[in-house]
Amino acid sequence: MVSAQDKSRIRRSFESERMDLNAFAAAFYAKFFAACPEIRPLFSWDTTQQEEKLLASLAHIAEALDDSARLDAILEQQVAMRRNLEASDTHFNGFIGGFTGALSETLRPDWSAETEQAWTRFLTNVAGKMSFLTPR
């Protein structure tokens with residue numbers, strides 16, 4: 001469950017005039033692959049398409065923040081597309097660290113500890129739902 005205050009911080013991140021989605025996506029993948037180099041070979045070396053997919057997914061997730069059924073449906077779709085990746089807790093942690101690190105760089109000086117905590121709680125919630133949704 002994501003609090004109303006966390007949702008507000010997450011939305012402000014997306015709506016910030018400093019948000020450069022292309023710079024964010026490139027920084028995210030650089031950080032994610034640095035944290036989890038073993039997962040790098042599972043992705044195309046040209047991450048342009050992957051960055052576009054990430055941005056589209058983020059837009060859908062942001063739009064569904066207030067609709068848990070819709071958010072769950074989006075996450076189920078994401079799990080279905082990534083079944084063969086066999087993501088581990090280490091990968092989720094690398095994802096979350098790369099994501100918040102890239103947001104921090106992109107949104108600075110608008111980034112705050114509270115915004116980082118909101119995103120971390122949200123992404124941890126998402127990761128937990130995706131783990132739960134992943135067939136065993």
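Small disclaimer: the values here were computed from a predicted structure and weren't measured.
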### Considering all heavy atoms, the nearest Gly94-Cys36 contact
CA-SG, 3.9 Å

### Query
Which value, rounded to the nearest 0.5 Å, describes the distance between Phe122 atom CZ and Ser3 atom OG?
11.5 Å

### Task
Classify the side-chain pair Thr115/Ser112 by whether it contains a donor and acceptor separated by less than 3.5 Å.
yes

### CZ-CZ distance between Phe99 and Phe32, expressed to the nearest 0.5 angstrom
12.0 Å

### Query
Out of curiosity, Thr124 OG1 to Ile96 CD1, how far, rounded to the nearest 0.5 Å?
3.5 Å

### Summary
In this structure, CG of Leu103 is separated from CZ of Arg18 (nearest 0.5 Å) by 14.0 Å

### Query
Measuring from Glu116:CD to Arg9:CZ, what's the distance to the nearest 0.5 Å?
12.0 Å

### Task
Supply the atom-to-atom distance Leu107 CG to Asp20 CG, rounded to the nearest 0.5 angstrom.
10.0 Å

### Query
Are any non-hydrogen side-chain atoms of Lys7 and Asp66 less than 4.5 angstrom apart?
yes

### Task
Answer with yes or no after comparing the ring centroid distance for Phe95 and Phe28 against a 6.0 Å cut-off, counting only values under it.
yes

### Message
For Trp119 and Phe14, I'd like to know if the aromatic rings sit close, meaning centre-to-centre distance below 6.0 Å.
### Response
yes

### Query
Under 3.5 Å, side chain of Ser16 to main-chain N/O of Arg12, donor-acceptor pair present?
no

### Summary
The salt bridge (Lys or Arg N to Asp or Glu O under 4.0 Å) partners of Arg40 (sequence neighbours excluded) come to none

### Message
Between Asp6 and Arg11 (salt bridge meaning N to carboxylate O under 4.0 Å), is one present in this structure?
### Response
no

### Task
Report yes or no: does Ser104 contribute a side-chain atom to a donor-acceptor pair with the main-chain N or O of Thr100 at less than 3.5 Å?
no

